[in-house]
Amino acid sequence: MTAAPDHTPLPRDFFERSPLDVAPDLLGRLVVRNTPDGPLTLRLTEVEAYAGEMDPGSHAYRGRTPRNDVMFGPAGHAYVYFTYGMWHCLNVVCFPEGHAGGVLLRAGEITEGTALARPRRTTARHDRELAKGPARLATALDVDRELNGADFCAGPHAPLRLLTGAPVASRDVSTGPRTGVAGEGGVHPWRFWIAGDATVSPYRPHTPRRRNRT
DNA sequence: CAGTCGATTCACT
DNA sequence: GTGAATCGACTGA
């Protein structure tokens with residue numbers, strides 16, 4: 001018997017900590033995405049911490065720019081970026097205002113609204129693949145840059161929310177190197193996932209892009 | 001202002 | 001396992 005997940009919103013100060021502390025604490029929490037067609041709910045199973053200006057793997061490593069601006073703002077907001085010319089990825093901003101940092105939401109189990117997610121994720125051959133990977137997660141939840149800066153801690157009708165859910169005991173959390181992160185930024189075991197969960201994405205080391213041949 | 005490449009995914013061999 | 005897709009942010013000249 002498991003208790004029903006707690007739908008209380010996570011308070012702002014939950015996110016005003018180091019992403020290294022927030023990230024494992026996010027596993028088992030619920031992301032709610034309110035769309036015009038209805039809500040989707042996702043139980044987080046895999047995340048990665050990005051520690052801002054001191055972290056070579058972070059977009060904030062080289063200082064504040066128009067793209068990473070919201071990471072320097074108040075905690076609990078969404079940092080959405082566009083990459084590889086076609087995908088979006090969704091993060092939660094951490095640290096008090098003025099200090100950049102965030103947690104990349106890499107994967108989860110869609111527990112409500114699968115009928116809304118499936119047509120957006122036609123390559124998924126099973127529901128467990130709907131949000132198995134950060135760009136897949138953003139696609140399934142219909143997240144794009146319009147939601148950059150959205151407040152996860154706003155009211156019940158906000159487009160994005162983060163609820164208490166059912167946090168995972170530390171013995172059920174696995175850690176390892178971050179996926180696809182280049183150079184020194186790749187060495188830290190700052191990826192966290194629920195051990196054995198079928199919706200966690202496979203690990204892939206960073207692969208430098210092949211240059212055009214001369 | 002041109003060159004480079006990305007916190008990825010998918011099709012194909 | 002390998003390579004293409006696809007565009008915009010960032011870098012350095």
Side-chain angles (χ1 to χ4, degrees), chain A residues 15 18-20 22-24 26-27 31 42 44-72 77-95 100-108 110 117-149 160 174-193 198-214:
Chain A
F15 304 101
S18 164
L20 297 178
V22 174
L26 278 173
L27 297 173
V31 176
L42 174 134
L44 285 169
T45 59
E46 182 192 357
V47 295
E48 272 174 6
Y50 286 85
E53 292 158 282
M54 304 311 300
D55 176 5
S58 171
H59 290 167
Y61 183 53
R62 294 172 194 280
R64 195 167 188 162
T65 69
R67 178 174 68 154
N68 66 27
D69 189 63
V70 307
M71 267 207 287
F72 289 79
H77 289 248
Y79 167 50
V80 181
Y81 66 87
F82 179 66
T83 191
Y84 290 101
M86 55 195 115
W87 308 111
H88 297 273
C89 292
L90 173 63
N91 301 254
V92 192
V93 174
C94 298
F95 281 138
V103 175
L104 173 65
L105 309 184
R106 287 197 56 92
I110 297 192
R118 284 189 198 112
R120 303 185 49 77
R121 291 277 305 114
T122 56
T123 61
R125 292 184 307 215
H126 190 285
D127 281 356
R128 67 173 154 265
E129 297 173 353
L130 287 173
K132 187 177 192 164
R136 292 168 166 185
L137 183 152
T139 301
L141 296 185
D142 197 17
V143 169
D144 62 22
R145 275 176 297 182
E146 288 188 8
L147 291 173
N148 190 40
L160 278 173
S174 296
T175 70
R178 294 179 293 188
T179 300
V181 172
E184 305 164 38
V187 304
H188 304 107
W190 289 350
R191 175 178 178 241
F192 304 87
W193 66 94
T199 65
V200 174
S201 69
Y203 175 71
R204 176 183 47 72
H206 177 256
T207 56
R209 183 229 274 213
R210 184 176 60 81
R211 283 203 54 196
N212 289 338
R213 260 177 267 248
T214 56

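Here is the naming used below: chain letters follow the sequence lines, and residue numbers restart at 1 for every chain.
C:dG1: Watson-Crick or G-U partner is B:dC12, with both key distances under 3.5 Å.
Checked against the 6.0 Å centroid criterion, the rings of A:His59 and A:Tyr81 qualify as a close aromatic pair.
Residue A:Arg67 places its side chain closer to C:dC10 than to any other of C:dT6, C:dC10, B:dT8. The side chain of A:Ala135 sits closest to B:dT9 out of C:dT6, B:dC10, B:dT9. When distances run from any side-chain atom of A:Thr123 to the nucleotides B:dA7, C:dT6, B:dA11, the shortest one goes to B:dA11. For A:Tyr79, counting side-chain heavy atoms from C-beta on, the closest listed nucleotide (B:dA7, C:dC10, B:dC10) is B:dA7.
B:dC5 and C:dG3 have their C1' atoms separated by 15 Å, with the value rounded to a whole Å.
Backbone-only engagement by A:Arg145 is indicated by non-hydrogen atom pairs under 4.0 Å involving sugar-phosphate atoms exclusively.
In this model, no side-chain donor or acceptor of A:His59 finds a partner on the base of C:dA9 within 3.5 Å. Between the side chain of A:Tyr81 and the base of B:dA7 there is at least one donor-acceptor pair of N/O atoms closer than 3.5 Å.
An aromatic stacking contact links A:Tyr84 with the base of B:dT8, defined here by ring centres under 5.5 Å apart and ring planes under 30° from parallel. Aromatic stacking of A:Tyr50 on B:dA7: satisfied, with centres closer than 5.5 Å and planes within an angle under 30 degrees.
Of the N and O atoms on the side chains of A:Thr199 and A:Glu46, not one donor lies less than 3.5 Å from an acceptor on the other residue. A:Arg121 and A:Thr123 share a side-chain donor-acceptor pair at under 3.5 Å.
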